[in-house]
Amino acid sequence: MASLFIADLHLDDSRPRITDLFERYLAGDEVRRADALYILGDLVEAWVGDDDDAELPRRIARATRAVRDAGVPVYFMAGNRDFLLGEDFARRAGFELLEDGTVHTLHGRPTLLMHGDVLCTGDVAYQAVRRQVRTPEWKAQILAMPLEARRAFAAKSRAESRAHTGSAMETIMDAEAGAVAQAMRDGGVTRLIHGHTHRPAIHRFELDGKPAERIVVGDWYEQGSVLRVDADGVELRGLPLG
């Protein structure tokens, strides 16, 4: 039995093969026999609200609800693309919502779970925007807009994000070592799992004289990426489009 982690799928109508891969993977034996499935944010390219009547949210909800109905808990933690996802959709999709920075014990080892964007402290401009858009007031203002206006706003925000990503130095968009260490100290853990940076890897290091590890789950732009955690350890692997 294993706990499975995915993140940064960025599901979008422009990349239908990735959505197909997501559905196939969730319908497969590995997921249906798992201890739990964790989705650590950026499940979609943009979330405009739980009232979105497009087909993609319905497909996602069907796929994840089927996993939950098979007896496998599905945990969801919001990322920077889907932080407007709320309780209504979570009920339809069978999600249990997790706060960023939750600690779960996985096969006897306390593990800090994060989306990962708050660890990229070098990107000062992004962090300022993040603080603004995560306030209840800002979210309520956006969700009060008509659906089509929200879709247009999301498209504009994605374009601005691409422009920022293209102009920012790669080093400031990665997790900062000091922020990683402090988050792990605050959580009282020696293992951290996150996504966001699209740089899948298992980083092993010392934290206050103890062996520690930071595991980064990869994105789903060109293939899938899955982290498997069981009693024997961790395995990070790709999923071919097929």
Side-chain angles (χ1 to χ4, degrees), residues 6-23 25-26 38-65 74-95 97-100 114-118 120 123 125-168 173 194-198 217-225:
I6 57 178
D8 300 290
L9 291 88
H10 294 270
L11 299 179
D12 186 74
D13 289 337
S14 66
R15 296 185 301 118
R17 295 179 67 197
I18 295 296
T19 303
D20 292 343
L21 176 61
F22 168 72
E23 291 174 323
Y25 181 64
L26 265 61
Y38 291 83
I39 304 171
L40 297 184
D42 287 3
L43 174 58
V44 294
E45 185 69 13
W47 190 263
V48 297
D50 290 1
D51 59 339
D52 189 356
D53 57 4
E55 177 62 20
L56 181 59
R58 289 196 290 269
R59 290 178 66 178
I60 292 169
R62 284 195 299 268
T64 57
R65 168 57 72 174
V74 181
Y75 296 102
F76 174 82
M77 177 181 291
N80 50 297
R81 300 301 184 100
D82 43 25
F83 60 88
L84 291 175
L85 191 150
E87 295 281 356
D88 287 347
F89 185 79
R91 281 192 291 270
R92 296 199 300 274
F95 290 162
L97 297 177
L98 296 181
E99 291 292 328
D100 203 331
M114 305 180 75
H115 175 58
D117 55 339
V118 296
C120 303
D123 193 346
Y126 169 78
Q127 296 298 337
V129 171
R130 186 187 191 280
R131 286 191 294 272
Q132 175 191 8
V133 303
R134 294 301 183 99
T135 63
E137 295 79 11
W138 190 93
K139 290 193 282 188
Q141 180 182 359
I142 293 298
L143 292 173
M145 296 166 57
L147 183 57
E148 286 306 316
R150 276 179 270 148
R151 286 175 174 150
F153 180 82
K156 179 175 178 290
S157 297
R158 291 199 303 275
E160 291 172 349
S161 176
R162 285 192 293 269
H164 175 67
T165 300
S167 62
M173 299 180 67
H194 71 85
H196 180 68
T197 65
H198 300 190
V217 185
D219 65 73
W220 284 52
Y221 277 116
E222 303 296 334
Q223 61 173 2
S225 180

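Numbers for residues simply follow the sequence, beginning at 1.
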Worksheet item: How close do T19 and D12 get, heavy atom to heavy atom, and via which atoms?
Response: OG1-O, 4.2 Å
Worksheet item: With a 4.5 Å limit on heavy-atom distance, are the side chains of R59 and D20 in contact?
Response: yes
Discussion item. Is the shortest side-chain heavy-atom distance between D50 and L85 below 4.5 Å?
Written reply: yes
Worksheet item: Distance from I39 atom CD1 to M77 atom CE, nearest 0.5 Å?
Response: 11.5 Å
Item to complete: Identify which one of H194, H196, R130 satisfies the side chain to side chain donor-acceptor pair (under 3.5 Å) criterion when paired with D117.
Response: R130
Worksheet item: Can we say D42 and R158 salt-bridge, meaning some charged N sits less than 4.0 Å from an Asp/Glu carboxylate O?
Response: no
Discussion item. Surrounding CD of Q127 (heavy atoms of other residues, nucleotides or ligands, distance under 6.0 Å), is the total greater than 12?
Written reply: yes
Worksheet item: Under 3.5 Å, is there a donor-acceptor pair between the side chain of D82 and the main chain of G79?
Response: yes
Item to complete: Measure across A7 and G195 and return the closest heavy-atom pair with its distance rounded to 0.1 Å.
Response: CB-CA, 4.3 Å
Fill in: Aromatic ring pairing F76/F95, orientation class (parallel under 30°, perpendicular over 60°, tilted between)
parallel
Worksheet entry | Minimal non-hydrogen separation, K156 against E160, with atom names | NZ-OE2, 2.6 Å
Fill in: Qualifying residues under salt bridge (charged side-chain N to carboxylate O under 4.0 Å, His left out), relative to D51, sequence neighbours excluded
R150
Worksheet item: Are the side chains of R92 and D88 in touch, meaning some heavy atoms are under 4.5 Å apart?
Response: yes
Worksheet entry | Spacing of N80 atom CG and R134 atom CZ [to the nearest 0.5 Å] | 7.0 Å
Discussion item. Can you confirm whether more than 12 heavy atoms, excluding those of E55, are under 6.0 Å from its CD atom?
Written reply: yes
Fill in: Distance (rounded to the nearest 0.5 Å) between L84 CG and I142 CD1
7.5 Å
Discussion item. Strictly distance-based, threshold 3.5 Å: is any side-chain N or O of R15 a donor or acceptor partner for the main-chain N or O of W220?
Written reply: yes
Discussion item. Centre-to-centre under 6.0 Å for H198 and Y221, is that the case here?
Written reply: yes
Item to complete: Give, for atom CZ of R91 and atom CZ of R65, the distance between the pair rounded to the nearest 0.5 Å.
Response: 10.5 Å
Worksheet entry | Rounded distance (nearest 0.5 Å) linking atom CD1 of I18 with atom CG of L11 | 8.0 Å
Fill in: Evaluation steps, salt bridge (charged side-chain N to carboxylate O under 4.0 Å, His left out), between D8 and R81
CA-CA 9 Å; D8 300 290; R81 300 301 184 100; over 6 Å; no
Worksheet item: Minimum heavy-atom separation for G218 to S225, with atom names?
Response: N-OG, 3.0 Å
Worksheet item: If you measure only the distance, is there a donor-acceptor pair under 3.5 Å linking the side chains of D219 and H10?
Response: no
Practice prompt. Measure the CG-CG distance between D53 and L147 for me, rounded to the nearest 0.5 Å.
Written response: 5.5 Å
Discussion item. Name the residue from F89, F83, F153 that meets the ring pair (Phe, Tyr, Trp, His ring centres under 6.0 Å) definition with W47.
Written reply: F89
Discussion item. A side-chain contact here means heavy atoms from C-beta on lying under 4.5 Å apart; do T64 and F22 qualify?
Written reply: yes
